[in-house]
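We count residues from 1, following the sequence as given.
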Amino acid sequence: MAVAIMLLPLALPGIALAQGDIEAGRAKAYTCLGCHGVEGYRNAYPSYRVPKLGGQHAEYLVSALQAYKNGDRQHATMQALAATLSDQDMQDIAAYFEAAGREDNP
């Protein structure tokens, strides 16, 4: 039984097994907060509301960052930033933002 549990990750390659480190994510998210940490922030041109990320589900954030990195989502700044991130960086940043939305972790 223990061997089957240990081999489970090999049978499910599409599942992200790494968990993000909130404190590492806090340090890595410094650049993100310049836009995504400002309440009500709007981009000047083209005009759009920049989403606040605190409290967002980590899985969604990782998926979005991966989509920017591989070109499936279009935004030049986000694509450039995501291109510099490792999978672990994405997990850490996502864990930080998910935790930032909880009342016990401002």
Side-chain angles (χ1 to χ4, degrees):
M1 175 76 167
V3 173
I5 292 172
M6 289 172 42
L7 293 176
L8 184 60
L10 299 175
L12 303 170
I15 295 177
L17 297 174
Q19 296 298 313
D21 179 290
I22 294 170
E23 289 307 312
R26 183 184 314 271
K28 294 174 184 179
Y30 178 78
T31 301
C32 309
L33 293 170
C35 295
H36 292 285
V38 179
E39 188 71 38
Y41 182 68
R42 293 189 65 80
N43 190 59
Y45 182 81
S47 181
Y48 60 89
R49 185 184 73 67
V50 175
K52 187 173 179 201
L53 301 181
Q56 184 60 263
H57 294 285
E59 297 84 10
Y60 172 77
L61 294 173
V62 170
S63 176
L65 287 169
Q66 289 171 338
Y68 283 120
K69 186 172 185 172
N70 67 31
D72 289 339
R73 286 184 86 164
Q74 301 297 309
H75 187 280
T77 302
M78 285 302 304
Q79 287 173 321
L81 290 170
T84 69
L85 301 174
S86 69
D87 288 343
Q88 188 61 53
D89 292 337
M90 292 180 192
Q91 291 285 340
D92 294 344
I93 290 167
Y96 165 70
F97 278 115
E98 181 176 71
R102 295 192 314 239
E103 290 180 28
D104 63 333
N105 190 20

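- A donor-acceptor distance shorter than 3.5 angstrom exists from the side chain of Lys69 to the backbone of Leu85, with no hydrogens or angles considered.
- Contact between Ile93 and Ala29 at its shortest, heavy atoms only, is CG1-N, 4.2 Å.
- Of the N and O atoms on the side chains of Gln66 and Asn70, not one donor lies less than 3.5 Å from an acceptor on the other residue.
- Looking at Leu53 and Tyr96, their side chains never come closer than 4.5 Å, going by heavy atoms from C-beta outward.
- Minimum heavy-atom separation, Ile22 to Ala99: CD1-CB, 3.6 Å.
- Minimum heavy-atom separation, Ala58 to Ala95: CB-N, 4.3 Å.
- Proximity of a side-chain donor or acceptor of Asp92 to a complementary backbone N or O of Ala24 within less than 3.5 Å is not detected.
- Under the 3.5 Å distance criterion, the side-chain polar atoms of His57 are left unmatched by any main-chain donor or acceptor of Glu98.
- Atom-to-atom distance recorded for Ser63:OG and Met90:CE is 10.0 Å, nearest 0.5 angstrom.
- The line from NZ of Lys52 to OH of Tyr41 is 15.5 Å long, rounded to the nearest 0.5 Å.
- Hydrophobic clustering (side-chain heavy atoms under 4.5 Å, transitive across Ile, Leu, Val, Met, Phe, Trp, Tyr) keeps Leu81 apart from Val62.
- For the pair Gln79 (side chain) and Arg73 (backbone), a donor-acceptor distance under 3.5 Å is present.
- Residues Phe97 and Val50 are members of separate hydrophobic clusters, defined by side-chain heavy-atom contacts under 4.5 angstrom among Ile, Leu, Val, Met, Phe, Trp and Tyr.
- The two residues Gly54 and Ala100 come nearest to each other via the heavy atoms CA-CB, 4.3 Å.
- Within a 6.0 Å radius of NE2 in His75, more than 12 heavy atoms belonging to other residues, nucleotides or ligands are found.
- To the nearest 0.5 Å, atoms CD (Gln91) and NZ (Lys28) are separated by 10.0 Å.
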